[in-house]
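These notes are about the structure you will find just below.
These numbers come from a predicted model, not from an experiment. All chains are named by letter (A, B, ...) in the order of the sequence lines, taking the proteins before the strands, and each is independently numbered beginning at 1.
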Protein chains: 2
Amino acid sequence: MSVDRDQVLRSAAAQLTRKGSSTMDEVAKASGISRATLHRHFAGRDALIRALEELGIQECEAALNAARLDEGTAGDALRRLVKEIEPAAGLLAFLVTENQLFEGDAQHEGWTRLDIRITDLFRRGQLNGEFRIDLSPVWLREALYGLVGSAAWAVLEGRVAAKDFSYLIAELLIGGAQRRVES
Amino acid sequence: MSVDRDQVLRSAAAQLTRKGSSTMDEVAKASGISRATLHRHFAGRDALIRALEELGIQECEAALNAARLDEGTAGDALRRLVKEIEPAAGLLAFLVTENQLFEGDAQHEGWTRLDIRITDLFRRGQLNGEFRIDLSPVWLREALYGLVGSAAWAVLEGRVAAKDFSYLIAELLIGGAQRRVES
DNA sequence: CCTCGATGAGACAAATTTGTCTCATAAGGG
DNA sequence: CCCTTATGAGACAAATTTGTCTCATCGAGG
């Protein structure tokens, strides 16, 4: 009987990813509930977006933790990270393009924490000689976000297979498109 | 006295990139004109978006032509393409996230043409042995879009230098983050 | 069987946005 | 200098969206 708040948030994210300007009514229908119930759980549109942001941050932090970024090579850690972040990719794809989040006030502190942890991973890869140093850790991080978003969208559109998600992102980000002569 | 339609479109794109839900009034102010004048040039919000789409397609096609994708190595062609597409990156970043464009009716034919040409470039690189074959041309194309969007946004936010734009995208896409042992 | 709590459907006003209109003004060409 | 044209400011109604409310219904648990 009771609505599963988490499930509502996921449906809302999916709907808003498809159409960022969805009305509360469209979001409610996409979640299979009525607009009244949606309002009972989230005070308004802003509150809904904020809740999505919180959920996204939580899932990302969980993914970062599960990926154990400090262990093994930076490349392997990155591969683990991409794999762990896959379930949250749809939500992420929406949040990344939701630039309204930093409107007026500052960016959510949670994103800053995540940014730092990911940047540190790339920095570690540079310091131990795995990664090239002419691409800054900040750019590599932004590129990772972009690729995750692109891949999530491509999967939604059926342009790439969902099972290839993490492979495509990690391999492109780490190895690039260029064919290696040999190892 | 007369409004520069092209300049209005560029300002509109910049404003809409910052905030996708900008009202016509916000767009007008961002363009330095009144809402009445904005309406005189574009019948409505939809017409404005469509005009932005047309402009984006035109600029992309011009970039594709200027990059001479069939000449030289695929890698060099890709580098030229990224360089040529830089002026349109802001507009592109908006259009890519504007998923409302394919709402209901089919995707604009212009995008399909562009998609094909870019995909063909990656395919050419694979056929001549430059690019690895485990990353499909379609994915490489989507990844390019994602990286262009990420880079455009990162430049806007001041996270990366504008002068590095094309280098960062092309080098990451082609070579990846991994450091090469030697050439 | 009854009660309580959550939900769906819908009404409603308020707020926002849009599209259209008028009028005054400034700019530019003849 | 005058006349044409485009613009800015603002009024206005229509449409859309939002937030709140009421009421009936459904289902679980006692």
For this session: Spell out, as yes or no, whether a donor-acceptor pair under 3.5 Å connects the side chain of B:E84 to the backbone of B:L81.
Result: no
For this session: Might you confirm whether atom CZ of A:R179 has over 12 heavy atoms from other residues, nucleotides or ligands at distances under 6.0 Å?
Result: no
For this session: Could you check if a side-chain atom of A:E98 sits within less than 4.5 angstrom of a side-chain atom of A:E53, using non-hydrogen atoms only?
Result: no
Exercise. How many Å lie between CZ on A:R5 and C1' on C:dA6, as a whole number?
Worked result: 16 Å
Problem set entry | Which residues share a salt bridge (Lys or Arg N to Asp or Glu O under 4.0 Å) with B:D25, sequence neighbours left out | B:K29
Problem set entry | Ion pair check, B:R117 and B:D120, cut-off under 4.0 Å | no
Exercise. For B:L127, does the CG atom have more than 12 heavy-atom neighbours from other residues, nucleotides or ligands under 6.0 Å away?
Worked result: yes
Exercise. Which whole-number value in Å describes the distance from A:F42 CZ to D:dT20 P?
Worked result: 15 Å
Would you tabulate the pairs of protein nitrogen or oxygen atoms and nucleotide nitrogen or oxygen atoms of nucleotides 21-24 of chain C closer than 3.5 angstrom?
none

Exercise. OP1 or OP2 of D:dG8 sitting under 4.0 Å from any side-chain N/O of B:S34?
Worked result: yes
For this session: Ignoring hydrogens and angles, tell me if any N or O in the side chain of B:R141 forms a donor-acceptor pair with the backbone of B:L121 under 3.5 Å.
Result: no
Between N or O atoms, less than 3.5 Å apart, protein on one side and nucleotides 15-19 of chain C on the other: list the pairs.
residue, atom, partner, partner atom, Å
C:dT18, OP1, B:R45, NH1, 3.4
C:dT18, OP2, B:M24, N, 3.0
C:dG19, OP2, B:H39, NE2, 3.2
C:dG19, OP2, B:R45, N, 3.4
C:dG19, N7, B:R35, NH1, 3.0
C:dG19, O6, B:R35, NH2, 2.9

For this session: Compare all side-chain heavy atoms of A:L48 with those of A:L9 and state whether any distance is below 4.5 angstrom.
Result: yes
Problem set entry | Presence of A:H41 side-chain N/O under 4.0 Å of C:dT7 phosphate oxygens OP1/OP2 | yes
